[in-house]
Protein chains: 2
Amino acid sequence: MALSGEYQERYGLDIPEWRVLATLGFRNDACSAQYISDCTRTHKSTISRAVMTLMQRQIVERVENAHDRREFRLRLTKEGKTLYQELIPRLLHKEREILSCLTAQERKELACLFGKIEKSLDLVQTRQEADAKEAY
Amino acid sequence: MALSGEYQERYGLDIPEWRVLATLGFRNDACSAQYISDCTRTHKSTISRAVMTLMQRQIVERVENAHDRREFRLRLTKEGKTLYQELIPRLLHKEREILSCLTAQERKELACLFGKIEKSLDLVQTRQEADAKEAY
DNA sequence: TTAAGATAGTTGCAGATGCGACTAATGTAG
DNA sequence: CTACATTAGTCGCATCTGCAACTATCTTAA
């Protein structure tokens, strides 16, 4: 991915690590690893390892969930938030750069088309899971 | 990728192998591994391994190039062509399925937008290479 | 309450793939 | 012609990441 150079080379983040950072930063609220796994469509083992690394780097911290001691609530540390805020403008800039070959109208269309496809795929996904459960 | 299930599960092709098959099948003419590497944006070592596997499976064959004995001319065997012809309709069907959430007009727009972005990225790529050469 | 099933997260393992070094062949400048 | 740079392809190595098994915990049904 063209964007990944931006956070890899400059901040030493690999793709799953960026996904964790981005999800927590975007939500600006604690959530479980499973939640990140779901909404980034990344295997939970991959997220687990990314979280470990980010905790060692003190970008992410986790607290036990008293209501369910299987899961942890993940959130960005102060440094994590700073890093996130620092990265966002860089990535937006990069995105604008990549999409600069399109008009504003075209960019809007592209986002709309992606939205439709994503939604459609999610429905398929959900449908398959439903079918799978029905299967016995 | 959603498509890859189609050729992986059913024909035992991984992604680089499919890229080799697709490039040779689409061109319908012999070409070098380097060429495939370039136009699929895949590292030459990856293409090299894919070609090896496909040769063992007698899907691809290669002949020496008398004019440049470093490179080989790659082409599909009879079985390779058959496989390619068998796969194409399946993949088109899958593609139609994925894009079925869009109208014909929207599909055209999407292709057009992708085309623009790809062309723009290629220009950036070329420009960077040119800059790199200029750099000394 | 207890047993069976589901869920969150971790970890060992294996496959995929890019990087860089290497060989052999070709191109080029002096 | 010679030496150096470039290019095609191969291979060892490291890394990335998904799969599946495992533990601990929670949920549900009898």
Side-chain angles (χ1 to χ4, degrees), chain A residues 1-2 4-5 7-9 12-20 23-24 30-56 60-75 125 129-130 132-136, chain B residues 1-5 7-9 12-21 23-24 30-56 60-75 125 129-130 132-136:
Chain A
M1 200 198 310
S4 68
Y7 45 83
Q8 270 177 5
E9 284 153 36
L13 294 174
D14 65 19
I15 293 175
E17 283 158 16
W18 160 248
R19 287 179 178 163
V20 172
T23 306
L24 292 174
C31 68
S32 69
Q34 184 59 50
Y35 174 85
I36 299 176
S37 177
D38 285 343
C39 66
T40 62
R41 298 166 177 73
T42 306
H43 196 272
K44 59 181 181 170
S45 61
T46 306
I47 297 298
S48 172
R49 283 185 269 254
V51 168
M52 288 301 172
T53 310
L54 293 175
M55 285 202 303
Q56 277 163 12
V60 158
E61 61 190 2
R62 71 183 190 183
V63 296
E64 292 203 356
N65 179 348
H67 297 297
D68 185 341
R69 280 166 42 237
R70 289 171 305 182
E71 86 171 33
F72 300 94
R73 312 294 296 167
L74 301 169
R75 63 181 182 212
Q125 186 70 18
E129 279 160 13
K133 291 205 172 175
E134 245 167 55
Y136 53 61
Chain B
M1 202 198 308
L3 282 179
S4 68
Y7 45 83
Q8 268 178 7
E9 284 152 37
L13 294 174
D14 65 20
I15 293 174
E17 283 159 16
W18 160 248
R19 287 178 178 164
V20 171
L21 178 66
T23 307
L24 292 174
C31 68
S32 70
Q34 183 58 51
Y35 174 85
I36 299 176
S37 176
D38 284 343
C39 65
T40 62
R41 297 167 177 72
T42 306
H43 196 271
K44 59 182 181 169
S45 62
T46 306
I47 296 298
S48 172
R49 283 184 269 255
V51 168
M52 287 302 170
T53 309
L54 292 175
M55 285 202 304
Q56 277 164 13
V60 157
E61 61 190 1
R62 69 183 193 185
V63 296
E64 292 203 355
N65 179 348
H67 297 298
D68 185 341
R69 281 166 41 236
R70 289 170 305 180
E71 86 171 32
F72 299 95
R73 312 295 296 168
L74 301 169
R75 64 182 180 210
Q125 188 70 18
E129 278 159 15
K133 291 206 172 174
E134 243 170 54
Y136 51 61

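The sequence lines fix the lettering, A, B, ..., with proteins before strands; numbering per chain opens at 1. Please read these numbers as outputs of a predicted model, since none were measured by experiment. Just so it is clear, the values below take in all heavy atoms, side chains as well, and ignore hydrogens, waters and symmetry mates.
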Residue pair B:His43 / B:Ser45: nearest heavy atoms and the distance that separates them: ND1-OG, 2.8 Å

Trace of the side chain to side chain contact (heavy atoms under 4.5 Å, CB included) decision for A:Tyr35 with A:Leu74: CA-CA 10 Å; A:Tyr35 174 85; A:Leu74 301 169; over 6 Å; no

For nucleotides 13-15 of chain D, which of its nitrogen or oxygen atoms have a protein nitrogen or oxygen under 3.5 Å away, and what is each distance?
none

B:Pro16 vs A:Glu71, nearer the 5' end of DNA chain C by closest nucleotide: A:Glu71

Sequence-distant partners of [X], salt bridge (charged side-chain N to carboxylate O under 4.0 Å, His left out), two or more places apart:
| X | answer |
| --- | --- |
| A:Arg49 | none |
| B:Asp38 | none |
| A:Arg62 | none |

Figure out the [atom1]/[atom2] separation between [X] and [N], and round it to whole Å.
| X | N | atom1 | atom2 | answer |
| --- | --- | --- | --- | --- |
| B:Ile15 | D:dG18 | CD1 | P | 12 Å |
| B:Glu64 | D:dA8 | CD | P | 16 Å |
| B:Tyr35 | D:dT7 | OH | C1' | 18 Å |
| A:Arg19 | D:dT17 | CZ | C1' | 10 Å |
| A:Phe72 | D:dC26 | CZ | P | 11 Å |
| B:Leu13 | C:dA16 | CG | P | 12 Å |

Side-chain (A:Ser48) to main-chain (A:Lys44) donor-acceptor, under 3.5 angstrom: no

A:Ser37 side-chain N/O to A:Thr42 backbone N/O, donor-acceptor pair under 3.5 Å: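 Here the side-chain-to-backbone pair exists.
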
Contact check, side chains of A:Ile15 and A:Arg19, non-hydrogen atoms, under 4.5 Å: yes

Closest nucleotide among C:dG9, C:dT10, C:dT17 to the A:Ala33 side chain: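 The answer is C:dG9.
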
Nucleotide nearest B:Asp14 (side chain, heavy atoms from C-beta), chosen from D:dT17, C:dG9, C:dA16: C:dA16

Residue pair B:Val20, B:Thr40: steps toward the side chain to side chain contact (heavy atoms under 4.5 Å, CB included) verdict: CA-CA 8 Å; B:Val20 171; B:Thr40 62; over 6 Å; no

Below 4.0 Å: OP1/OP2 of C:dA8 and any side-chain N or O of A:Ser32: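 A:Ser32 to C:dA8 OP1/OP2: no side-chain N or O under 4.0 Å.
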
Sugar-phosphate, base or nothing in reach of A:Arg62, heavy atoms under 4.0 Å: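 Result for A:Arg62 = sugar-phosphate.
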
Contact list for DNA chain C against residues 36-47 of chain A - heavy-atom distance below 4.0 Å: A:Lys44, A:Ser45

Side chain to side chain contact (heavy atoms under 4.5 Å, CB included) assessment of A:Leu13 paired with A:Leu54: CA-CA 9 Å; A:Leu13 294 174; A:Leu54 293 175; 3.9 Å; yes

Distances for protein N/O vs nucleotides 23-28 of chain C N/O pairs under 3.5 angstrom?
from: C:dT26; atom 1: OP1; to: B:Arg69; atom 2: N; distance (Å): 3.0

B:Arg73 atom CZ: more than 12 heavy-atom contacts under 6.0 Å: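 Buried by this count: over 12 neighbours within 6.0 Å.
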
